[in-house]
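Notes for the one structure printed next.
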Amino acid sequence: MPGPTSKREVGRGERLLPGVWRLRLPLPWPGVPHGNAWAVAAGDGIVLFDCGYHDEGSLGHLERALEMVNLKLEHVRLLVCTHAHSDHYGQAATVVDATGCELWMHPDHEHMTRSATDPEEGLRRRLEVARQSGVPAAPLERFAEQRKGANTGIARLVAPDRDLVPGLEVDTDLGRWSVHETPGHAPSHVCLFQPERRLLISGDHLLGRVSLYYDYGYSPDPAGEFLSSLDTVEALDARLCLPGHGRTFTDVQAHIEANRATVAERVQRCLCVVSEHGPITVFDAIPHVYGEPVTALNANWWISETLCYLSHLERQGRVVRIPGDAGPTGPGAERWASA
Ligand SMILES: [Zn+2]
Ligand SMILES: [Zn+2]
């Protein structure tokens, strides 16, 4: 039992600017202890940008964070989600049910909808990607066992009332926010920009520290899409970034460049590993790319990321994918080689 001195995470709210509040909400994930929702004053209420992960007690964290800045859930007039991941969209149904507000989100949310509609199918799909990447059977079975019936972080699927696409604007007391599609991290990802104040609500597209994650399997080239999205955001010339995790930052351009450099370095490393060790499976390539072996904690993240770089290189004609040989339980793991 956590004692009185326990440092258990709770929701916290703080004012960033007049009419803008950061709501820091706890997450159950190792290495990602919390995520941000942003409240922005709008008439007699607020627009809520993102809403946190759904879990036992998670609504209490959101309410506590709001209360710390003298706000209440009833003040939410509109919910806008930067993308459909559970840590940004998870409580959408709860917020919509409690307030009757509209939800605005990008229509390409299938990357979440599919696994949330049918968690078993979602798990089966993830296991298939892992198996095809060369993850051995024993750890895969352990993973499948742990995930069965586990919380998806999504209270209930709720469809957006309006498609959050360029042209739509979000009205607040600080002015209007324009919508910019920034796929890569997730197909449904958008950033919101307030041009007079040059504020950017960046979701997970741009974070205080470089942390690359891509949803693999829902679009042709997530890494390439991410790089184009960095160009999109660069053109906005934002002064202050309000990210989906961690603190705000001002040196937006330097963050964009750091992301580009990290992607370029990892793509290059994948290319080198394939040319030195290929034909090689993703599972066997990962220790060479990251300098560390695959563990249960990093497996999903690194497999997706490496697959995205290899698919990016495949599109450029620099590597080739070799399908696995047919075996008694289906095709074996695919391997990657220099073109
Ligand atoms: Zn995300
Ligand atoms: Zn996130």
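We use all heavy atoms of the structure for the numbers below, so side chains are in, but hydrogens, waters and symmetry mates are not. For ligands, and for the atoms within them, numbers begin at 1 and follow the listed sequence.
Distance check for His83 against the Zn ion (ligand 1): an N/O/S atom falls below 2.8 Å.
Of the charged side-chain nitrogens involved, at least one lies within less than 4.0 Å of a carboxylate oxygen, so that Arg131 and Glu128 count as a salt-bridged pair. Under the 4.0 Å criterion applied to side-chain N and carboxylate O atoms, Arg269 and Glu265 are assigned as salt-bridge partners.
As for His88, its N/O/S atom nearest the Zn ion (ligand 2) is the one called NE2. Among heteroatoms of the N, O or S kind in Asp204, OD2 lies nearest the Zn ion (ligand 1). Taking the Zn ion (ligand 1) as reference, His85 places its N/O/S atom ND1 nearest.
When rounded to 10 degrees, the angle formed at the Zn ion (ligand 2) by NE2 (His245) and OD2 (Asp87) equals 90°.
No more than 12 heavy-atom neighbours from other residues, nucleotides or ligands sit within 6.0 angstrom of CD on Glu67.
Within the cation-pi definition used here (under 6.0 Å to the ring centroid, within 45° of the axis), Arg22 does not qualify as a partner of Phe49.
The ring of Phe249 has its center closer than 6.0 angstrom to the ring center of His255.
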